[in-house]
Amino acid sequence: MTAALKVDLSGKTVLVTGAGRGLGLAYARAFASSGAAVAVNDIDPAASAHAADEIARTGARALAVPGDIADEAAVAAMAAAVRAALGPVDILVNNAALYAGLGRKRFDKIPVAEWRRLIDVNVTGSYLCARAVLPHMLERRWGRIVNVSSSTVPLGRPGFTHYVTSKAAILGMTRAMARELGAENVTVNAVMPGLTDTEGSAGTDEAIWTVVTRGQCIPRREQPQDVVGAVLFLASDAASFITGQTIVVDGGSAHL
C-alpha cells in the first residue's frame, strides 16, 4: 500500500462528502491521521456513522453528518452541525458523486430523470457544499476546497455521458471559484483520479482492468491511498500558492 503524505493539519476542521466508503473514507482517515477534526458525510446514515465511529476510535475528533448534498436545506443543516460540534469548516473535500450502479447507456438512452439527478448530486451538490462553508472561510481568511473530478473527462468514456459531463463541469467550477476566492486566501483545486479499486468498482470486469492498467505508465490497479497524497497536499500550507489547478492521479494513463 502506498504511504500517505504526512502533513500537520492540527486545529483544522475538514468536511469530506461521500466519505462512508471508498475514496471518501480514505480521505477522511488520512485527514484524521494528520490531526484534523473530520466531519463524515454520506447519504447513507449507517455508512456515515460507521466511518465516523471508526475514525473516533483512533483518538481523532469525528462527526457523522449524513444527508443528501443535492438538498439545499440538508446541506445548510450539515454545515451548522459541523460548526457547532467541531468548529467552522477549514477544508472541504467535494467527493460525493453518483457513479457506482449506473448502467452503461448511449447518451440518447439516458432517462432525463437520471440525468437530472446525477447533475444535481455531482455538480449542484458540490456547489451547495462550497457555498455553505464559505462564509466561515472568508471570516478567517483561510480555506481549502478540493473538488474531485475524474479521468473519464479527457477519455470521454462512452456509455456514461451524464457522469463525464458532470465531472467536466467540476473542472470549470474549480477554475471559476479559484478566480473569485484567491484574494480571500481561499484556494480551490481539483484532483482527477483514474479507475480506482474500491467498493464502487467491485463489479468492474477483469478485461476492463486489464485495458486500464496496460494503458498506464505504472501498470497496476489504482488504490485509494494513491489519491490521498494529492488531496492532503492541496489542503495543506504547502499548496498555499496553488489554486485553480487539477492534479491527475491515474498512474500516467494513455490519454496524457
Side-chain angles (χ1 to χ4, degrees), residues 1-71 73-97 100 121 125-126 128-130 132-137 140 142-148 191 193 196-200 202 223-237:
M1 180 176 289
T2 305
L5 178 71
K6 297 297 182 183
V7 299
D8 184 4
L9 293 171
S10 301
K12 301 298 185 186
T13 296
V14 182
L15 169 60
V16 184
T17 65
R21 56 180 63 83
L23 275 172
L25 179 54
Y27 301 148
R29 288 168 174 160
F31 278 111
S33 68
S34 298
V38 182
V40 178
N41 161 264
D42 201 278
I43 197 168
D44 179 354
S48 178
H50 186 270
D53 287 345
E54 176 200 313
I55 291 169
R57 286 195 296 272
T58 69
R61 297 173 66 207
L63 176 71
V65 281
D68 182 355
I69 63 166
D71 183 322
V75 171
M78 176 174 64
V82 175
R83 182 173 191 181
L86 302 178
V89 173
D90 301 292
I91 301 163
L92 168 66
V93 181
N94 271 321
N95 170 74
V121 173
S126 294
L128 289 174
C129 289
V133 302
L134 182 62
H136 309 308
M137 292 181 177
R140 298 149 74 96
W142 197 99
R144 300 285 186 268
I145 298 173
V146 182
N147 296 321
V148 181
V191 293
T196 307
D197 196 2
T198 68
E199 298 97 322
Q223 301 298 317
Q225 287 300 113
D226 292 322
V227 195
V228 163
V231 173
L232 286 178
F233 168 67
L234 292 173
S236 74
D237 283 329

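Heads up: numbering here begins at 1 and tracks the sequence. Since the model is a prediction, treat every value here as computed from it, not as a measurement.
- For the atom pair CG of Leu15 and CG of Asp90, the computed distance is 11.0 Å after rounding to the nearest 0.5 Å.
- By the 4.5 Å heavy-atom criterion applied to side chains, Val227 and Pro193 are counted as neighbours.
- Looking only at side-chain heavy atoms (C-beta outward), Ile43 and Pro66 stay at 4.5 Å or farther from each other.
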What verdict does the side-chain contact (heavy atoms from CB on, under 4.5 Å) test give for Asp8 and Ser34, after you've listed the backbone C-alpha separation in whole Å, the side-chain angles of each residue and the deciding distance to 0.1 Å? CA-CA 5 Å; Asp8 184 4; Ser34 298; over 6 Å; no

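- Using a 4.5 Å heavy-atom cutoff, the side chains of Asn147 and Val93 are not in contact.
- Annotation for Leu25 and Ala51: closest pair CD1-CB, 3.7 Å, computed over non-hydrogen atoms.
- Closest heavy-atom contact between Pro224 and Ala26: CB-CB, 3.7 Å.
- Few gaps surround NE2 on His136; more than 12 heavy atoms of other groups in view lie less than 6.0 Å from it.
- Considering every non-hydrogen atom in both Ala32 and Val38, the closest pair reads N-CG2, 3.7 Å.
- With hydrogens and angles ignored, the 3.5 Å screen pairs a side-chain donor or acceptor of Thr13 with a backbone N or O of Leu86.
- When Val14, Thr17, Val148 are each tested for a side-chain contact (heavy atoms from CB on, under 4.5 Å) with Tyr27, only one passes: Val148.
- In this structure, Trp142 and Lys12 have side chains that are in contact, with non-hydrogen atoms separated by less than 4.5 Å.
- Between the side chain of Ser236 and the main chain of Phe233, a donor-acceptor pair closer than 3.5 Å is present.
- Summarising the geometry, atom CE belonging to Met78 is positioned 10.0 Å from atom CG belonging to Asp71; distances are rounded to the nearest 0.5 Å.
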Ile69/Leu128 under side-chain contact (heavy atoms from CB on, under 4.5 Å): CA gap, chis, key distance, verdict: CA-CA 7 Å; Ile69 63 166; Leu128 289 174; over 6 Å; no

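- The OG atom of Ser48 sits 9.0 Å away from atom CG of Asp53, with the distance rounded to the nearest 0.5 Å.
- If you take OG on Ser33 and CD1 on Ile55, they are separated by 9.5 Å, rounding to the nearest 0.5 Å.
- Taking the side chain as every heavy atom from C-beta outward, Asn94 and Ile145 approach each other to under 4.5 Å.
- In this structure the side chain of Leu92 never reaches within 4.5 angstrom of the side chain of Arg144, judged on heavy atoms.
- Closest heavy-atom contact between Leu9 and Ala235: CD2-O, 4.0 Å.
- Distance alone, capped at 3.5 Å, places no donor-acceptor pair between the Arg29 side chain and the Gly24 backbone.
- Every salt bridge (charged side-chain N to carboxylate O under 4.0 Å, His left out) that Asp44 has, sequence neighbours left out, goes to Arg21.
- Remark: side-chain polar atoms of Asn41 are paired, donor with acceptor, to backbone N or O of Gly18 under 3.5 angstrom.
- Partners of Ala19 according to the side-chain contact (heavy atoms from CB on, under 4.5 Å) rule, which considers only residues two or more places apart in sequence or in another chain, are Val16, Ala28, Val40.
- Rounded to the nearest 0.5 Å, atoms CG (Leu23) and CD (Gln225) are 9.5 Å apart.
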